[in-house]
Amino acid sequence: MQLSKSESLFAEAQNYIPGGVNSPVRSFKAVGGTPPFIARGQGAHVWDVDGNEYIDYLGSWGPLVLGHSHPAVVEILKKTAEGGTSFGAPIEQEVVLAKLICSGLPSVDSVRLVSSGTEACMSAIRMARAFTGRDKIIKFAGCYHGHADGLLVKAGSGALTHGIPTSAGVPESYASETLVAEYNDIESVEKFFLANPKSIAAIILEPVAGNMGVVPPADGFLQEIRKITQDNGTLLIFDEVITGFRVGPNGAQGLFGVTPDITTMGKIIGGGLPVGAYGGRKDIMDVVAPLGAMYQAGTLSGNPLAVSAGIITLTELQKPGTFERLDTLSQRLTEGLTDAFHKAEIPSTINRVGSMFTGFFNPGPVAGLSDAEASDTEMYGRYFHAMQEQGVYIAPSQFEAGFVSTAHTEADIDATISKVSAALISLR
Ligand code: HOZ
């Protein structure tokens, strides 16, 4: 049988790259089959190397809020590259991006740019420990904060998808500093404060969970977390790598009106290029070298290309009506999906916050990891393939978010809803 180009490439890739991919969830291990190798993207659409076209809701896992190859992003990248791609020295654009971040997220007085969300979260934890002089941290089951040792404990995203939420290779001594609470369950947090007085440096959480599928915070949950951290001299870290400049112009902290001490960022602030950042209250940020004794550095930190793409992306997002439009389009999509699942009589729950959403094969509600894990993942796999057949590109795992971009049109959304209805027929 003649192999498709993607199948040939995937076979060849496996000879040279572990599992043929540079990030596990891309391998399709959870849903089966061969990942299409993507050749190009334009607006809300991508094409694979075999010429198949898809309406894209992966959005490179979140950064592409403006869609693929946005003309202003492409233009600034060309112009920037002509002037040099890396200097390892301060550049003017870093200041511009830092100012945009600080004005968008008022809890951030100053910000350090790094190259990935993993680096941002790893550094934020180190900074919290340096500032408080304490070692323990609390994270939540199913939240994912990158792949640093100590954060890969009951982690979401690919780690959850592949059944290794607590990774091999993480020393027991590191993992023992990480206390794992249940999302949307304040009692599970209180218990740790009682058992570990004056020892907890920080709580880190995704203010809207996006790595066990989208799980919004329950009413008052973030406020309760804010209070318990304040009462105990513990720092609150919001991981806004996904939600920052996604769920609103001021991130999840603006949407829910809760002010963290530290925020981690990535994805959108790099406009589709590798980036991360951590920022917060000035007195906390002052512990970072060269001002203070907490060390963190990076050759490509503040890289001209990533920073320029980030500036353009954040500037485009400031245009009046942008977040309203993202919200309206996303609502149109999730209402259509809800309707289609209902008509097909398939138990489902669609969680959405702004332009991030997940459809769970689960009657719901889905308010935490145990609910998300109760979803029918075998059914999700079949749905995923039926959607691919229909020309719609979604995450190859139940435990991820889908994203709407400003490049999606009403016609894309309506076409997607029809394709979902067609896909669901094949599942019954
Ligand atoms: N951790 C990412 C999803 N939340 C996956 C990134 C990728 O595979 O590209």
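Both ligands and their constituent atoms are indexed starting at 1 by order of listing. All residue numbers refer to positions in the sequence shown, counting from 1.
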In a simple table, one pair per line, please give the protein and ligand 1 atom names for every N or O pair closer than 3.5 Å, along with the distance.
unit_1   : atom_1 : unit_2 : atom_2 : d
ligand 1 : 1 (N)  : Ser157 : OG     : 3.2
ligand 1 : 4 (N)  : Ser157 : OG     : 3.1
ligand 1 : 4 (N)  : Asn211 : OD1    : 2.8
ligand 1 : 4 (N)  : Glu400 : OE1    : 3.0
ligand 1 : 8 (O)  : Ser23  : OG     : 2.8
ligand 1 : 8 (O)  : Arg26  : NE     : 3.2
ligand 1 : 9 (O)  : Arg26  : NE     : 2.9
ligand 1 : 9 (O)  : Arg26  : NH2    : 2.7
ligand 1 : 9 (O)  : Trp61  : NE1    : 3.0

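Other residues, nucleotides and ligands contribute over 12 non-hydrogen atoms within 6.0 Å of the CD atom of Glu410.
Under the 4.5 Å side-chain criterion, counting only non-hydrogen atoms from C-beta, Ser107 is in contact with Gln253. Side chains of Ile138 and Ile204 form no contact here, defined as non-hydrogen atoms less than 4.5 Å apart. Residues Tyr144 and Leu152 meet the side-chain proximity criterion, which asks for heavy atoms closer than 4.5 Å.
No donor-acceptor pair under 3.5 Å is formed between the side chain of Ser375 and the backbone N or O of Thr377.
With sequence neighbours excluded, the residues satisfying salt bridge (charged side-chain N to carboxylate O under 4.0 Å, His left out) with Asp414 are Arg332.
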